[in-house]
Asker: 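Here's a structure for you.
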Protein chains: 2
Amino acid sequence: MALFLSRFENKVDKKGRVSVPASFRSALGDQLHKGLVLFCSNQHACLEGFDWARMDEIGERLDQFDMFSEDQDDLATTVFGESVQLICDGDGRITLPTDLMEAVHISDKAVFVGLGRKFQIWSPELFERRRTQARDNVTDRKLTVPRAERGSHDA
Amino acid sequence: MALFLSRFENKVDKKGRVSVPASFRSALGDQLHKGLVLFCSNQHACLEGFDWARMDEIGERLDQFDMFSEDQDDLATTVFGESVQLICDGDGRITLPTDLMEAVHISDKAVFVGLGRKFQIWSPELFERRRTQARDNVTDRKLTVPRAERGSHDA
DNA sequence: AATAATCCCATGATATCCCATATATACCCA
DNA sequence: TGGGTATATATGGGATATCATGGGATTATT
């Protein structure tokens with residue numbers, strides 16, 4: 001499955017187009033033609049991006065909730081209801097919907113941040129803040145990558 | 001899995017290219033084509049390098065967190081967001097990104113230090129300092145290599 | 001027809017490929 | 001053992017391809 005790495009700051013032109021980093025595109029492999037799925041993060045002022053395979057998996061995981069549970073509905077509504085599918089054009093660009101851009105304060109520059117299975121899109125200013133915050137959390141709370149195989153770890 | 005050993009001082013040309021030591025390359029084996037993953041160390045003024053399999057594994061492990069957990073995001077942002085994937089060219093060289101070079105004060109020479117599962121890249125001057133410091137720590141504190149099987153020692 | 005979305009091509013910058021050379025190490029044969 | 005040759009590795013430079021980006025043309029949309 002796709003693995004998204006490192007950071008890229010790309011320009012957003014006046015039509016709202018941004019180049020998806022080439023390495024992200026190649027990470028998608030043959031999933032590329034299905035495009036990306038974007039939605040507003042619930043935690044941060046940024047967009048979250050996934051490939052289709054991952055969206056499928058999110059569906060699976062939500063299925064583990066009790067059917068008709070409120071939680072499932074809430075999550076499904078924010079994740080699936082709010083998400084958009086964007087196809088790359090011939091030059092590897094996507095056009096960011098204006099409402100999403102406004103929601104996360106992106107105007108003329110966008111930072112793509114690889115987070116492994118997913119990636120995020122930030123305004124450069126907000127990401128700088130987020131970057132130090134994440135780093136501080138990791139050191140303060142001594143977070144480490146969990147060992148293989150154990151059950152889910154959460155805060 | 002790859003084992004990185006010993007030290008090599010190689011030149012960095014004006015394009016930012018360095019030869020990856022041949023022994024490191026052969027340690028990578030068939031992982032070579034996927035390249036190396038580099039990022040700034042949190043402890044020292046140096047770069048840390050892993051093979052791709054290792055990165056994949058970290059992605060795998062982070063997957064065990066609940067989706068959208070804060071901890072997962074913090075870790076992923078610092079681990080994946082800060083790292084870069086570098087592919088060796090036909091002559092076994094990588095081009096170091098300028099921002100990484102500046103961060104660890106590498107200009108025209110780079111020292112590759114094998115550390116077993118990972119390796120580090122230093123500027124020759126800083127490494128000399130680090131070398132004596134590490135040696136002193138080991139003798140002062142009588143450090144030894146721990147036995148097998150116990151808990152994971154990870155970044 | 002007016003507006004927006006998509007496609008297509010041009011450009012500059014950067015990174016990648018390819019070949020030439022130097023240097024060191026391993027190898028071979030007398 | 002010694003001398004010489006072959007192989008691998010490191011390094012330099014120029015040609016080539018890729019990528020990000022801008023602008024215009026073309027097609028949908030209503």
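The figures that follow rest on heavy atoms only: side chains count, while hydrogens, waters and symmetry mates do not. Chain naming here is simple, since letters A, B, ... match the order of the sequence lines and numbering starts at 1 in each.
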Asker: Check the pair A:Asn42, A:Glu48 against side chain to side chain donor-acceptor pair (under 3.5 Å), reporting the backbone distance first and the verdict last.
Answerer: CA-CA 9 Å; A:Asn42 296 314; A:Glu48 304 235 312; over 6 Å; no

Asker: Measure from CG on B:Leu32 to C1' on D:dT9 and round the result to the nearest Å.
Answerer: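 Between C1' of D:dT9 and CG of B:Leu32: 14 Å.
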
Asker: Find the distance A:Glu9:CD to C:dT14:P and express it as a whole number of Å.
Answerer: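 Rounded to whole Å, this separation is 15 Å.
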
Asker: Mind checking whether A:Phe4 and A:Phe112 have ring centres under 6.0 Å apart?
Answerer: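 Ring-ring flag for A:Phe4/A:Phe112: false, centres at least 6.0 Å apart.
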
Asker: Expressed as a whole number of angstroms, how long is the span from B:Lys109:NZ to D:dA10:P?
Answerer: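 In whole Å, D:dA10 P lies 15 Å from B:Lys109 NZ.
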
Asker: Does the side chain of A:Thr95 get closer than 4.0 angstrom to OP1 or OP2 of C:dA5 through an N or O atom?
Answerer: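 So the side-chain polar atoms of A:Thr95 never come under 4.0 Å of the phosphate oxygens OP1 or OP2 of C:dA5.
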
Asker: Looking at A:Arg25, I'd like to know whether one of its side-chain N or O atoms comes within less than 4.0 Å of OP1 or OP2 on D:dA20.
Answerer: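 Yes, such a contact exists.
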
Asker: To the nearest angstrom, how far is B:Phe112 atom CZ from D:dA10 atom C1'?
Answerer: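 B:Phe112 atom CZ is separated from D:dA10 atom C1' by 12 Å.
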
Asker: Mind calculating the distance between CD1 (A:Ile94) and P (C:dA5) to the nearest angstrom?
Answerer: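 Rounding to the nearest Å, CD1 of A:Ile94 and P of C:dA5 are 14 Å apart.
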
Asker: What is the distance, to the nearest angstrom, from the CZ atom on B:Phe8 to the C1' atom on D:dT11?
Answerer: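 For the pair B:Phe8 CZ and D:dT11 C1', the rounded distance is 17 Å.
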
Asker: Extract from the structure each pairing of a protein N or O with an N or O of nucleotides 13-16 of chain D at less than 3.5 Å, listing the distance.
Answerer:
residue : atom : partner : partner atom : Å
D:dG13  : OP2  : B:Lys14 : NZ           : 3.1
D:dG13  : N7   : B:Arg17 : NH2          : 3.0
D:dG13  : O6   : B:Arg17 : NH1          : 2.8
D:dG13  : O6   : B:Arg17 : NH2          : 3.4
D:dG14  : N7   : B:Lys15 : NZ           : 3.4
D:dG14  : O6   : B:Lys15 : NZ           : 2.3

Asker: Can you pull the side-chain hydrogen bond (donor to acceptor under 3.5 Å, both in side chains) pairs that have at least one residue in residues 6-15 of chain B, sequence neighbours excluded?
Answerer: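 Passing the test, one end in residues 6-15 of chain B: B:Asp13-B:Arg17.
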
Asker: Looking at the side chain of B:Lys11, which of D:dG12, D:dG22, D:dA10 is the nearest nucleotide?
Answerer: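 From the listed options, D:dG12 comes nearest.
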
Asker: Distance alone, cut at 3.5 Å: any donor-acceptor contact between the side chains of B:Gln72 and B:Asp63?
Answerer: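 Note: B:Gln72 and B:Asp63 side chains miss the donor-acceptor criterion.
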
Asker: Just the rounded figure in Å: distance from C1' of D:dG22 to CG of A:Asn10.
Answerer: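 Value for this atom pair: 14 Å.
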
Asker: In this structure, how many angstroms lie between the C1' atom of C:dT6 and the CG atom of A:Leu86, rounded?
Answerer: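 About 14 Å, once rounded to whole Å.
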
Asker: Salt bridge or not for A:Lys118 and B:Asp73, using N-O below 4.0 Å?
Answerer: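 Yes.
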
Asker: Are A:Arg130 and B:Asp74 close enough for a salt bridge, meaning some N to O gap below 4.0 Å?
Answerer: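 Here A:Arg130 pairs with B:Asp74 in a salt bridge, since their nearest N and O are under 4.0 Å apart.
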
Asker: Heavy atoms under 4.0 Å, any strand shown: does B:Val20 hit a base, just sugar-phosphate, or nothing?
Answerer: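 It contacts sugar-phosphate atoms only.
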
Asker: Under the side chain to side chain contact (heavy atoms under 4.5 Å, CB included) test against B:Ile106, which residue among B:Leu100, B:Val111, B:Ile121 passes?
Answerer: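 That would be B:Ile121.
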
